[in-house]
Amino acid sequence: MFTRKDLLGIRYLSAEEITHLLDVAESFRDISQREIKKVPALRGRTVINLFFEPSTRTRTSFEIAAKRLSADTINISAAASSVVKGETLLDTARNLEAMSPDLLVIRHPSAGAPHMLARVCRAGVINAGDGANEHPTQALLDALTIRQHKGRIAGLKVTIVGDILHSRVARSNVYLLTKLGAEVCLTGPGTLIPQPFGDLVERGVRLEEKIERALEGADVVMVLRIQRERQNAAFFPSLREYAVHYGLNLKRLERAAPDAIVLHPGPINRGIEIASEVADGSRSLILDQVANGLAVRMAVLYLLLGGGVLRPDGEGEANREAALISEESGSGLGKVDR
Amino acid sequence: MRLLIANGYLIDPSQGVKAGRNLLIEDGRVAGILNYSDDVPEGAEVFDAAGLIVAPGFIDLHVHLREPGQEYKETIATGAAAAVAGGWTSVCAMPNTDPVNDNAAVTRFIIEQAERAQLANVFPIGAITKGSRGEELAEMGEMREAGVVAVSDDGRPVPSAGMMRRAMEYARGFDLPVVDHCEDRSLAADGVMHEGVWSLRLGLRGIPALAEELDAWRDCALAELTGARVHLAHVSTRGAIEAVRRAKERGLSVTCEVTPHHFTLTDEAVEGYDTNTKMNPPLRSRDHVQAILDALSDGTIDAIATDHAPHHADEKALEFDRAPFGITGLETAIGLAFDRLVHRGIIGLDRLVELCSTNPARIFKLEGRGTLRPGAWGDVTILDPNLRWTFDARRSRSKSRNTPFDGWTFQGAAVATIVAGRVLYTHPSLEDRRRAIA
């Protein structure tokens, strides 16, 4: 079902693989609700988090996910690594590889950096965000959140608002949502939603410059972060003007379906792309997303390290995954690590 | 010293020759075109070209030889060796060396290094502005006397229309063509590949086609204003081709070249982030490639040039957006031209010779090149349109290996390269074709 070495992007996954990942993530959610939040599934495995960009949420999430599966984790951030001494990414990778890690989780400002690593490393590579390319685990956790609240993805109307051009979150979400049959509408200032986005995938995406029209009847509204660090490129005149014309406030949200949900990948800029009354309101699932991020990352780590193919007990995969989350199960995987 | 290239099929568009003939070269110059039945001249070495095409030596209008300054990427000697291995008897070297070829001393150094190498002819191209900074004109007159055949700020295109106008007006006085790498930097910004659905899909910053097109239109308008000879380097877009087409219709002295990678690959090749698909101008979308093929076929494009741009492996082994632009091209160009153009019916054999020899010689006014008229230089490229061969980058003569065509198989090749009557390269398939007649 899932036999990949790496998770480089949603673009390469089939609908079946995505659904399977979400199902496994679902089964992992409970672990984090237990008193003792640890299973021995990845005991003896080593996961290196290699972060070349600042990140709190994603890095912490990967680290906790690995630890709850009993893997050993090491965090390396660019500022503290040999990168500041001029070491190239490939040399860094080769040196880490010499220490025989099982997985490398990489975040990097250059699109394609994880692909480069995946080509040279025996270890599996997880893309934790590469430039403006993809952020696959973010799209998976968004999908898990949507599925929990809507029961499905297919047929939903999802509107993504904001800086689509620079957003890896938007790309991964477009791929994932359209593969699972949702209709995606992208909206934002003309400078940030280039026309060819309409052809990004074969079908299921449309562009809409008027945010009010884009929100009409939406089941899910996904708000993207305005990346203040990119302000100098002058894609819009001011944050104030952006907030007025493209910020999601309660009035705009009224145009969406009555039971619409609101997602944001964080960190949020309150009062800019999202009004506080929306971010903190009843439709906001921002904190659910964080919790689901953990489950999704546990699922990804587990599946990439063979969880999806190893069947030592000879039983079906579904049984095995059920066993994994059952504390009473006789399977070694299910035992709580004390 | 006499060399008789016997039994070949001669194609020389410069004099309308397209027939089975022998070619006699004496003391480095063409001595005559003979019938098969004529006696072999006394003391001639015979090169048996039966079943092969004999053409005037191929001339690459656009290469980067990196010397002086970046000898770890390429030297004039290694670049010239790659040239002859690829079928090129002459190459024209862009001035973006370190120091920039913006004065006669650097020009003379390049020419001396080429003479020392004794391989392909190397014709230096001088800078348009000092240091290619786009601010003050370089000493074109001095460089002309030292041997430059054109001027260009390739790689750092002249941003200001005002400066370009002065450059054209000034270059005209020395009968030097102005070669422009068309790129409006404000539109290209810090893009790393063609702007389109693939740049969005890969999350890479795009260079819009318009960045080239706008400058192409500007240069054509300036050519009209100034009356200068203007040559547009490596055109890659429908709009730039359209600009050249219109300029030609108006009778302006505007020419253009295209690279093999731009008529072969599309921006889709960037998927996988191979830095050997990163060059400037970037690989374009299918629509632009089709426009190039049409223009090769209808005559709008004047020349095939490689834009051979060697880079060290370490420099290319970086993240895509951090790696330098450029790929090598001297040894794969003719294979690609046969495979992608001739065998697919886009162009015929005589057009191939025009694009690679006759026209380049005319565009840069290279006296005695691009023709097999008696008295011309004995520069000859011998072609085997049907040879199947596979390019192995590890065996390249270039110092660098940055090519997207490693392992590609081609039908058609340049199988021998003769410069001033000296056979400098023969493909292994021709081992036993040469014999001396006592």
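Quick note: numbers below take in every heavy atom, side chains included, and nothing from hydrogens, waters or symmetry partners. Reminder, nothing fancy here: chain letters follow the sequence lines and each chain counts from 1.
Nearest heavy-atom pair, A111(A) versus G203(B), reported as atom, atom and distance to 0.1 Å: CB-O, 3.6 Å. Minimum interatomic distance between R201(B) and V201(A) (heavy atoms only, all atoms of both residues): NH2-N, 4.3 Å. Nearest approach of R322(B) to P109(A), heavy atoms of both residues: NH2-CG, 3.5 Å. When all heavy atoms are compared, the tightest approach of Y273(B) to R119(A) is O-NH2, 4.1 Å. Taking all atoms of both residues into account, the shortest heavy-atom contact from P196(A) to G196(B) is CB-C, 4.0 Å.
The part of R171(A) that comes within reach of chain B is its side chain, from C-beta onward, which places non-hydrogen atoms under 4.5 angstrom from that chain. Residue L200(A) touches chain B through both its backbone and its side chain, counting heavy-atom pairs closer than 4.5 Å. Interface remark: L165(A) contributes side-chain atoms only to the contact with chain B (heavy atom separation under 4.5 Å).
The number of heavy atoms from other shown groups lying within 6.0 Å of CZ (R246(B)) does not exceed 12.
One finds the CD atom of Q195(A) at 10.5 Å from the CG atom of L200(B) (value rounded to the nearest 0.5 Å). Annotation: the span from N133(A) atom CG to L202(B) atom CG amounts to 6.5 Å, rounded to 0.5 Å. Here CG of L117(A) is found 9.5 Å from CD of E319(B). Values are rounded to the nearest 0.5 Å.
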